[in-house]
Amino acid sequence: LPGQILDQWFESEPLKATLATDAVIGAMASPHTPGSGYVLLHHVMGELEGRRGAWGYVAGGMGALSQAIARAAAAQGVHIFAEKAVCHVLLGRDGRAQGVALQDGTEVRSKLVLSNASPQITFLELTPQQLPKDFVQRIRQVDTRSPVTKINVAVDQLPSFLAAPNARDGQPLPHHQCSIHLNCEGTHLLHQAFTEAAHGHPSSRPMIELCIPSALDPGLAPRGCHVVSLFTQYTPAVLAGGQPWDEQARNAYADTVFDCIEAYAPGFKASVIGRDILTPPDLERIFGLPGGNIFHGGMSLDQLYFARPAPSYSGYRSPIPSLYLCGSGAHPGGGVMGAAGRNAAQVALEDFRRL
């Protein structure tokens, strides 16, 4: 349990609770859920520019990372087809993957196919049903529950927190350039927020991770304005009583989040000039994330290592020869690190040399 790990190292409850958020980030779990301690480890392993466990902003926004990868690939002769939805994977008479068919009828032939889509989309929607029944059953049973609602906000002034008011010149202070955690004064608050969502109700006092990337990257917003990224939980994908996540439900939850922020930073609500609310169903519909899960599936111990995405298929190869899984649904799981893609590429290259 993350609480046991943190108790060994820290005394301050607000500090322990703030660190405990990394044990439940993106997970329909409480800090008291057995196994959630691994998720805490997952988010601090590795390094960034030589600093262990560090995170960072991408200059130009997260989309700039995808664009940088695309430019590097294009420089090596890669052809990228954007806005071209894949209909299904093409199979040869020998059962090997031979390319993909696009929804516009175009067929793209290749000796290998690597899928960065989730295991559910790759094997249950894009692959002809010639898969082993036990494998299909395993993919169907993957826990994809997600508690995350992402809210993107545009504001016309920098938030000023009671705990650390803004400077007179209105320029960002060090804390504006960090990850700001709200409603995390104690781990019991995180557990309470989880319990409400487990019963189908959005948290009345949600866990909020607030970032202001424009404090470090001014080009993201007009002068004097800022963009605020809110990573919030817990919100169930299916509301109690089967109620839909309609516009009223979305706005009601966002209002709850904004009321919480207002208590820490008076004037925040008045500064909002636009907001974009993405609930778990929205994240699934727009980005193809099963259940809205940012990791393509829970990061619990029964869905990691040799069991990700399924036992005997954790090595990136799939039951269909020449079809590989290279996204977050493969080992070692989610996060902006590219480990699954790099590992899958090495396996695919090894097989390609033998074709």
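- Separating the CD atom in Gln141 from the CG atom in Asp302 is a distance of 10.5 Å, to the nearest 0.5 Å.
- Atom CD of Glu47 has more than 12 neighbouring heavy atoms from other residues, nucleotides or ligands inside a 6.0 Å radius.
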- Evaluate side-chain hydrogen bond (donor to acceptor under 3.5 Å, both in side chains) for Lys150 paired with Ser229, printing each intermediate quantity in order. CA-CA 8 Å; Lys150 184 78 162 54; Ser229 173; 2.8 Å; yes
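- Residues Val257 and Leu230 have side chains in contact (heavy-atom distance under 4.5 Å, counting atoms from C-beta outward).
- Taking CG of Leu325 as the reference point, atom CG of Asn116 lies at 8.0 Å (rounded to 0.5 Å).
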- Take Thr279 and Thr235 through the side chain to side chain contact (heavy atoms under 4.5 Å, CB included) test and state the conclusion after the steps. CA-CA 8 Å; Thr279 64; Thr235 49; 5.7 Å; no
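- Within a 6.0 Å sphere centred on CD of Gln346, heavy atoms belonging to other residues, nucleotides or ligands number more than 12.
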- Task: Before giving the answer on side chain to side chain contact (heavy atoms under 4.5 Å, CB included), spell out for Ser204 and Glu196 the whole-Å C-alpha distance, their side-chain angles and the decisive distance to 0.1 Å.
- Result: CA-CA 8 Å; Ser204 58; Glu196 289 178 296; 2.8 Å; yes
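- Side-chain atoms of Ser322 never come within 3.5 Å of backbone atoms of Leu112 as a donor-acceptor pair (strictly under, hydrogens ignored).
- For the atom pair CG of Asn343 and OH of Tyr324, the computed distance is 14.0 Å after rounding to the nearest 0.5 Å.
- Ion pair Glu185/Lys16 not flagged as a salt bridge, since none of the NZ, NE, NH1 or NH2 atoms sits closer than 4.0 Å to an Asp/Glu carboxylate oxygen.
- Smallest separation of non-hydrogen atoms from Pro159 and Asn166: O-OD1, 3.0 Å.
- Aromatic ring pairs are classed by plane angle as parallel below 30°, tilted from 30° to 60° and perpendicular above 60°; the pair His331 and Tyr316 is tilted.
- Here the closest non-hydrogen pair linking Pro213 and Val227 is CD-O, 3.5 Å.
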- Query: Ile294 and Phe287: side chain to side chain contact (heavy atoms under 4.5 Å, CB included), yes or no, with the steps?
  - Reply: CA-CA 9 Å; Ile294 61 174; Phe287 301 107; over 6 Å; no
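- Here the OG-CZ distance, from Ser66 to Arg71, works out to 10.5 Å after rounding to the nearest 0.5 Å.
- In terms of heavy atoms, Pro147 sits closest to Ala27 at CG-O, 3.2 Å.
- Taking the six-membered ring where tryptophan is involved, the planes of Tyr313 and Phe135 are perpendicular, since the angle between them exceeds 60° and thus also 30°.
- Taking the six-membered ring where the residue is Trp, the centroids of Tyr234 and Phe194 are separated by under 6.0 Å.
- For the pair Asp282 and Arg250, the salt-bridge criterion is met [side-chain N within less than 4.0 Å of a carboxylate O].
- A distance-only check finds no donor-acceptor pair linking the side chain of Thr122 to the backbone of Pro119 [under 3.5 Å].
- At least one donor-acceptor pair under 3.5 Å links the side chain of Arg138 to the backbone N or O of Ala307.
- Closest heavy-atom contact between Gly200 and Pro202: O-CD, 4.1 Å.
- Residues Pro319 and Gln130 form no side-chain contact, since every pair of their non-hydrogen atoms from C-beta on lies 4.5 Å or further apart.
- If you chain together hydrophobic residues whose side chains sit under 4.5 Å apart, Leu289 and Phe123 never meet in one group.
- No side-chain donor-acceptor contact under 3.5 Å links Asn183 to the backbone of Ile208.
- Within the 4.5 Å cutoff, the side chain of His88 has no heavy atoms near those of the Thr127 side chain.
- In terms of modelled atom types and a separation under 3.5 Å, the side chain of Arg96 and the main chain of Ile320 share no donor-acceptor contact.
- At least one side-chain heavy atom of Ile180 sits under 4.5 Å from a side-chain heavy atom of Leu182.
- Of the possible donor and acceptor atoms, one in the side chain of Glu262 sits under 3.5 Å from a partner among the backbone N and O of Phe268.
- Thr106 places no side-chain N or O within donor-acceptor distance of the main-chain N or O of Leu102, the cut-off being under 3.5 Å.
- A donor-acceptor contact shorter than 3.5 Å is absent between the side chain of Ser328 and the backbone of His296.
- Summarising the local packing, CZ of Arg223 is surrounded by 12 or fewer heavy atoms from other residues, nucleotides or ligands at distances under 6.0 Å.
- If you take CD on Glu209 and OG1 on Thr232, they are separated by 10.5 Å, rounding to the nearest 0.5 Å.
- The aromatic rings of His191 and His32 sit tilted relative to each other, their planes meeting at an angle between 30° and 60°.
- Hydrophobic clustering (ILVMFWY, side-chain heavy atoms < 4.5 Å, transitive): Val155 and Tyr264 are in one cluster.
- Looking at Leu304 and Met299, their side chains come closer than 4.5 Å, going by heavy atoms from C-beta outward.
- Judged by distance alone, the side chains of Ser110 and Gln98 never bring a donor and an acceptor atom under 3.5 Å apart.
- Arg145 is not listed as a side-chain neighbour of Pro280, based on a closest heavy-atom distance of 4.5 Å or more.
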- Determine, stepwise, if the pair Phe231 / Cys211 fulfils side chain to side chain contact (heavy atoms under 4.5 Å, CB included). CA-CA 8 Å; Phe231 191 98; Cys211 294; over 6 Å; no
- Query: Are Thr149 and Gln233 close enough, and set up right, to give a side-chain hydrogen bond (donor to acceptor under 3.5 Å, both in side chains), and what steps lead you there?
  - Reply: CA-CA 6 Å; Thr149 287; Gln233 53 190 81; over 6 Å; no
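- Salt-bridge check for Arg109 with Glu107: passed, with a basic side-chain N closer than 4.0 Å to an acidic carboxylate O.
- Follow the hydrophobic side-chain contacts under 4.5 Å out from Leu124 and you reach Val89 in the same cluster.
- The minimum heavy-atom distance linking His181 with Ser179 is given by the pair NE2-OG, 3.2 Å.
- Using a 4.5 Å cut-off on side-chain heavy atoms (C-beta onward), Pro31 and Val24 make contact.
- Considering OG1 of Thr187 and CD of Gln192, their distance stands at 11.5 Å, rounded to 0.5 Å.
- No single ILVMFWY cluster, assembled from side-chain heavy atoms under 4.5 Å apart, contains both Leu210 and Leu216.
- Taking the six-membered ring where the residue is Trp, Trp245 and Tyr253 present perpendicular rings, their angle passing 60° and hence far from 30°.
- Of the charged side-chain nitrogens involved, none lies within less than 4.0 Å of a carboxylate oxygen, so that Lys269 and Asp255 do not count as a salt-bridged pair.
- The shortest side-chain heavy-atom distance between Asp276 and Leu278 falls under the 4.5 Å cut-off.
- Of the possible donor and acceptor atoms, none in the side chain of Asp217 sits under 3.5 Å from a partner among the backbone N and O of Leu220.
- At least one donor-acceptor pair under 3.5 Å links the side chain of Arg308 to the backbone N or O of Gly297.
- In the hydrophobic clustering of this structure, Ile151 groups with Val272; members are Ile, Leu, Val, Met, Phe, Trp, Tyr whose side-chain heavy atoms approach within less than 4.5 Å, directly or through other members.
- Nearest heavy atom pair, residue Thr256 against residue Pro206, reads CG2-CD, 4.0 Å.
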